[in-house]
Amino acid sequence: MSALPARHRRALRLFHGHLHLCLAIVLCGCATARPELAQVRALAAGTGAVTAFSELSQRHVDTYQRARPYLSPAEDARERLLDAQRRAAQGDVARLAQAVRLYLQALGRLADADAYEVQPELAGAGAAIRAWPGSGIDDRHVSAYTLLLQQLSRLGGAASQQAHLGQVLRDGDAPLQALLAALDNLLALYDKSGDNERDMVLGLLDVEIAYADSPQQRLLAVLAKDMQQSKTEEYRLLGLRHTLARRQLAALAREHAQLAAALTTTEARWTDR
């Protein structure tokens with residue numbers, strides 16, 4: 001290096017300083033504990049609420065086929081109309097749940113531990129360059145090389161990941177909350193529909209059992225009572241599933257809002273640093 005002109009030695013020392021600083025920033029960011037990212041990954045992996053909603057939604061769509069044997073002619077006509085309405089709306093209902101699922105999956109990818117890892121690219125840049133007068137590489141190119149690697153370092157590391165995730169969570173919170181509220185409203189509707197189905201089915205069984213009191217109908221009465229007990233338990237568990245799914249959606253909404261606030265605060269701290 002001593003054979004180089006003074007200005008070239010200064011440029012090379014400057015480059016080394018910048019490059020070492022860039023690498024230190026990236027390595028520091030990668031080594032720093034980032035609990036918010038783990039929480040985002042856990043949130044993204046917890047799609048149980050959306051899965052439960054989809055299963056309960058499909059059960060709601062199948063209401064008529066399930067209840068049909070227990071319906072009176074008047075009830076059958078009404079349920080046929082409701083069945084057509086349910087099936088017409090189901091495509092859009094499924095898309096609401098799918099949008100939430102896709103958003104959570106994307107969040108998980110953004111919060112992946114090595115999603116913003118640029119160490120391989122920085123390492124691949126190799127050794128520092130120097131100016132070669134007369135060959136086309138001058139001080140401008142040494143400086144450009146340094147600045148470009150600086151930009152690369154800014155693309156990666158914890159600061160960029162926190163900033164990007166924070167922005168996505170902030171911008172996505174309001175529409176996500178609205179979609180989760182829509183799913184919650186639908187679950188409330190499914191719960192009410194399940195209660196109506198329960199009343200129709202168990203009501204019919206009550207009547208049939210009361211009239212099956214002759215010796216010839218004893219076996220029929222036994223079977224009807226067994227079905228009554230089974231159906232009572234089925235509808236009880238269905239109500240619990242609706243309650244649990246609504247609680248899961250509420251927890252998802254709450255955790256997302258908390259993470260949006262946490263990542264915003266973390267991003268501010270990184271910016272200050």
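Keep in mind the model is a prediction, meaning the values are calculated, not measured. Residue numbers count from 1 along this sequence.
Transitive grouping of hydrophobic side chains (ILVMFWY, heavy atoms separated by less than 4.5 Å) brings L238 and V93 into a common cluster. Hydrophobic clustering, with ILVMFWY side chains joined whenever heavy atoms are under 4.5 angstrom apart, groups L186 together with V50. L244 and L56 fall into different hydrophobic clusters, defined by Ile, Leu, Val, Met, Phe, Trp and Tyr side-chain heavy atoms under 4.5 Å apart, directly or through other members. In the hydrophobic clustering of this structure, V201 does not group with V61; members are Ile, Leu, Val, Met, Phe, Trp, Tyr whose side-chain heavy atoms approach within less than 4.5 Å, directly or through other members.
The CD atom of Q229 sits 11.0 Å away from the CG atom of L205 when rounded to the nearest 0.5 Å. Here the CG atom belonging to L110 is positioned 12.5 Å from the CD atom belonging to Q105, to the nearest 0.5 angstrom.
With contacts defined as side-chain heavy-atom distances shorter than 4.5 Å, the pair L252/L104 qualifies. Residues V168 and Y103 meet the side-chain proximity criterion, which asks for heavy atoms closer than 4.5 Å. Side chains of D138 and H141 form a contact here, defined as non-hydrogen atoms less than 4.5 Å apart. In this structure, H60 and E197 have side chains that are not in contact, with every pair of non-hydrogen atoms separated by 4.5 Å or more. Inter-residue side-chain proximity for E55 and R241 is flagged as met; some heavy-atom pair is nearer than 4.5 Å. Using a 4.5 Å heavy-atom threshold, the side chains of Y70 and K231 count as touching.
For the side-chain contact (heavy atoms from CB on, under 4.5 Å) with E79, the lone residue among L82, L81, D83 that qualifies is L82.
Around the CZ atom of R247, the shell of radius 6.0 Å holds no more than 12 heavy atoms that belong to other residues, nucleotides or ligands. Annotation: M200, atom CE; neighbour count of heavy atoms from other residues, nucleotides and ligands within 6.0 Å is above 12.
Defined by atom type and a distance below 3.5 Å, a donor-acceptor pair is present between the side-chain atoms of Q167 and R170. D195 and Y235 share no side-chain donor-acceptor pair at under 3.5 Å.
A side-chain donor-acceptor contact under 3.5 Å links T232 to the backbone of Q228. With hydrogens and angles ignored, the 3.5 Å screen pairs a side-chain donor or acceptor of R95 with a backbone N or O of G91. Checked by atom type and distance alone, the side chain of R59 never pairs as donor or acceptor with a backbone atom of Y190 at under 3.5 Å. Using a distance-only test at 3.5 Å, with no hydrogens or angles considered, a donor-acceptor pair links the side chain of T51 to the main chain of T47.
Here salt bridge (charged side-chain N to carboxylate O under 4.0 Å, His left out) pairs that include residues 182-193, with residues two or more places apart or in two chains, are D184-R246.
Contact detail for L187 and A245: the closest heavy-atom pair is CD1-CB, 3.7 Å. Taking all atoms of both residues into account, the shortest heavy-atom contact from R41 to G108 is CG-O, 4.3 Å.
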Which is it for L107 and L259 under the side chain to side chain contact (heavy atoms under 4.5 Å, CB included) test, yes or no, and what are the steps along the way? CA-CA 11 Å; L107 275 184; L259 280 171; over 6 Å; no

